[in-house]
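For reference, the structure is listed below as structure tokens.
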Amino acid sequence: MKPAPFKYVLASSLDHALALKAEHGDEARFLAGGQSLIPAMNFRLARPSVLIDINALTRLSGIDRPEAGQVRVGALTRYRALERDGEFLRSCPLFADALPHIAHPQVRNRGTIGGNLSHADPASELPALAIAMQARMRIRSAAGERTVAASDFFAGLLTTDLASDEMLVDITYPVLAPRSGACFMEIARRRGDFAIAGVAAVVTLDEERRCASVRLALCGVGETPVDAGAAALPMIGSRLTGDAVEAVAAGVRDLIAPSGNVHASPDYQRHVAGVLVQRAIRTAHQRISHAA
Ligand SMILES: Cc1cc2nc3c(=O)[nH]c(=O)nc-3n(C[C@H](O)[C@H](O)[C@H](O)COP(=O)(O)OP(=O)(O)OC[C@H]3O[C@@H](n4cnc5c(N)ncnc54)[C@H](O)[C@@H]3O)c2cc1C
């Protein structure tokens, strides 16, 4: 199908883009990589009357370090740029695991991190990473700026905290702390498909090699990415044992409420999520041991 008629505007500056969004509100959509929006328009699931192309706003693209221990990624940064930045992948190793699972190289050449997070597909990898890494999202409108924690950004199915006049401009991630290991794993029907279930885990040990923190987030098993950190709280202060990891997996299986899809029943998704939680925590832990 072809999209419903729309007006196309190439934004010449951030202020221009934000002024257009303030004027047209929900009738307008930003066009970033177009890898979710254009298919949705072609199927007429999305019918914006104004398309605000932000691809000329090069200052929205790139990776920098605003202060020690933090990495900031511009919303228009493409997956491909992240995949090719070794320093970024060493600072934020969950991305090294997760990016190859996103679609195919052609999609990764165009898709942007800001488009991904704003689209808020619950099966998508990067929203789960943002929650597990405790990222912060900087949001702008013509009226001003605010910052939101990733855990408060994803409001529902394909829905975020963004108001109709707002744009996500960048995302700040803490770099992996000392004595920490991270792992993302997912199961999908085919390489490049959206996940049936996926798990991001970040494990940090104290000086006695007991668990100081375990952060967990899942994709594909609910209407939003799921923050499952609470299920790992019993591990804090103790050594990471097989029994403890199995108990966390059981807690996650109880916590999630997958709805199932044509490829997987809710029970299967719950089972897969539990298996992945155990593998991701163990792998994250092994990666600390190997780095130490
Ligand atoms: C074949 C195929 C397979 C795919 N598989 C996967 C997968 O496995 N995992 C996965 O995560 N994704 C997958 N995707 C989706 C892909 O990752 C998209 O790139 C991503 O969801 C959207 O990013 P985009 O830059 O293309 O955004 P667009 O499609 O341009 O925009 C998406 C939405 O976000 C809004 N938007 C864009 N940028 C901003 C911003 N800065 N601020 C506010 N709103 C904004 C747009 O208005 C639109 O509503 C797949 C896509 C295809 C075509």
Side-chain angles (χ1 to χ4, degrees), residues 3 6 8-9 11 14 17-18 20-22 24-43 45-61 73-83 94-95 97-130 137-141 145-146 148 153-155 157-171 184 186-198 200 219-220 225 263:
F6 59 89
Y8 169 88
V9 188
L14 180 56
L18 295 175
L20 287 166
K21 197 77 171 87
H24 297 285
D26 284 334
E27 289 293 302
R29 294 282 191 98
F30 294 121
L31 174 66
Q35 300 302 301
S36 292
L37 181 57
I38 298 299
M41 288 172 64
N42 286 342
F43 283 116
L45 298 170
R47 302 167 75 107
S49 56
V50 183
L51 210 53
I52 307 167
D53 187 343
I54 59 173
N55 280 274
L57 309 185
T58 49
R59 288 172 68 179
L60 284 182
S61 174
V73 183
L76 201 59
T77 309
R78 300 189 198 276
Y79 305 124
R80 196 80 184 116
L82 301 176
E83 278 180 318
L94 280 177
F95 278 87
D97 287 341
L99 286 167
H101 288 288
I102 301 178
H104 310 287
Q106 295 88 336
V107 173
R108 298 202 293 272
N109 276 333
R110 293 298 304 164
T112 68
I113 190 165
N116 179 300
L117 297 171
S118 305
H119 187 57
D121 191 313
S124 173
E125 294 80 1
L126 300 192
L129 262 59
M137 341 291 259
R138 195 160 63 98
I139 292 167
R140 287 273 305 266
S141 72
E145 179 177 310
R146 65 190 178 102
V148 173
F153 184 74
F154 302 100
L157 183 66
L158 304 177
T159 308
T160 67
D161 183 53
L162 288 168
S164 65
D165 63 342
E166 290 183 319
M167 179 194 288
L168 174 61
V169 289
D170 57 48
I171 307 100
F184 175 85
E186 77 171 44
I187 297 225
R189 198 171 64 94
R190 297 174 307 190
R191 187 83 180 163
D193 280 3
F194 281 96
I196 289 172
C219 60
H263 303 305

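Indexing begins at 1, ligand by ligand and atom by atom, following the structure's order. Sequence positions, counted from 1, serve as the residue numbers for this chain. Every heavy atom of this structure was used, including side-chain atoms; hydrogens, water molecules and symmetry mates were not.
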Heavy-atom closest contact (Gly111 atom, Gln35 atom, distance) = N-CG, 4.0 Å
key: Contact check: Ala103 vs ligand 1, nitrogen or oxygen atoms, below 3.5 angstrom   = yes
ask   = Which ligand 1 atoms, with their elements, are less than 4.0 angstrom from a heavy-atom of Glu125?
value = 7 (C), 8 (O), 9 (N), 10 (C), 11 (O)
request  = Work out whether the distance between some heavy atom of Asn116 and some atom of ligand 1 is less than 4.0 Å.
outcome  = yes
remark   = For Gly33 and Arg78, the nearest pair of non-hydrogen atoms, with its separation, is CA-NH1, 4.0 Å
message = Does ligand 1 come near enough to Gly33 that some N or O of the ligand is less than 3.5 Å from an N or O of the residue?
response = yes
message = Could you identify the single nearest non-hydrogen protein atom to atom 1 (C) of ligand 1 and state the distance to 0.1 Å?
response = Val107 CG2, 4.2 Å
query = Is the count of non-hydrogen atoms from other residues, nucleotides or ligands lying under 6.0 Å from Phe43 atom CZ greater than 12?
reply = no
query = Do Arg146 and Glu166 have side-chain heavy atoms sitting under 4.5 Å apart?
reply = yes
query = At their closest point, which heavy atom of Pro127 faces which heavy atom of Phe154, and how far apart are they?
reply = CB-CZ, 3.5 Å
task = Taking the side chain as every heavy atom from C-beta outward, state whether Asn55 and Arg110 have any pair of such atoms under 4.5 Å apart.
result = yes
query = Considering only heavy atoms, does His101 approach ligand 1 within less than 4.0 Å through its side chain, its backbone, both, or neither?
reply = backbone
task = Examine distances only and state if a side-chain atom of Lys21 and a backbone atom of Ser141 form a donor-acceptor pair shorter than 3.5 Å.
result = no
Polar side-chain atom of Thr159 near backbone of Ala155 as donor-acceptor pair, under 3.5 Å = no
message = What protein heavy atom lies closest to atom 53 (C) of ligand 1? Include the residue and the distance to one decimal.
response = Gln35 O, 3.4 Å
task = Report yes if some heavy atom in the side chain of Ile113 is under 4.5 Å from a heavy atom in the side chain of Phe95; otherwise report no.
result = yes
ask   = Going by heavy atoms in the side chains, are Phe184 and Cys219 under 4.5 Å from each other?
value = yes
ask   = Is there a side-chain contact between Asp121 and Ser36 (heavy atoms, below 4.5 Å)?
value = no
request  = Please identify which atoms of ligand 1 are closer than 4.0 Å to at least one heavy atom of Ser124.
outcome  = 10 (C), 11 (O)
message = Within ligand 1, which atoms have a heavy atom of Gly192 less than 4.0 Å away?
response = 5 (N), 8 (O)
key: Contact check, side chains of Pro100 and Arg191, non-hydrogen atoms, under 4.5 Å   = yes
task = State the atoms of ligand 1, each with its element, that fall below the 4.0 Å cut-off from a heavy-atom position in Gly111.
result = 19 (O), 25 (O), 26 (O)
inquiry  = Looking only at protein heavy atoms, which one is nearest to atom 46 (C) of ligand 1, and what is the separation?
reply    = Phe30 O, 3.0 Å
query = Is the closest N or O pair between Glu166 and ligand 1 shorter than 3.5 Å?
reply = no
message = Between ligand 1 and Asp121, can you find any atom pair, the residue atom being a heavy atom, that is separated by under 4.0 Å?
response = no
query = Which residue owns the protein heavy atom closest to atom 17 (O) of ligand 1, what's the atom, and how far is it?
reply = Tyr79 OH, 2.5 Å
Contacting atoms of ligand 1, where contact means under 4.0 angstrom from a heavy atom of Ala75 = 41 (N)
request  = Using distance alone, decide if ligand 1 has a nitrogen or oxygen within less than 3.5 Å of any nitrogen or oxygen in Arg110.
outcome  = no
query = Who's the nearest protein heavy-atom neighbour of atom 21 (O) of ligand 1, and how far?
reply = Ser36 OG, 2.7 Å
ask   = Tell me: protein heavy atom nearest atom 39 (C) of ligand 1, and distance?
value = Ser118 OG, 3.6 Å
request  = Counting heavy atoms only, name the option from Ile171, Leu168, Asp193 that's nearest to atom 41 (N) of ligand 1.
outcome  = Leu168
inquiry  = Using a 3.5 Å cut-off on N or O atoms only, is Leu162 in polar contact with ligand 1?
reply    = no
remark   = re atom 27 (O) of ligand 1, the protein heavy-atom contact at minimum distance is Gly115 CA, 3.4 Å
request  = Tell me which protein heavy atom sits closest to atom 28 (P) of ligand 1, plus the residue, atom name and distance to 0.1 Å.
outcome  = Gly34 N, 3.4 Å
ask   = When rounded to the nearest 0.5 angstrom, what is the spacing between CE in Met137 and OG1 in Thr160?
value = 8.5 Å
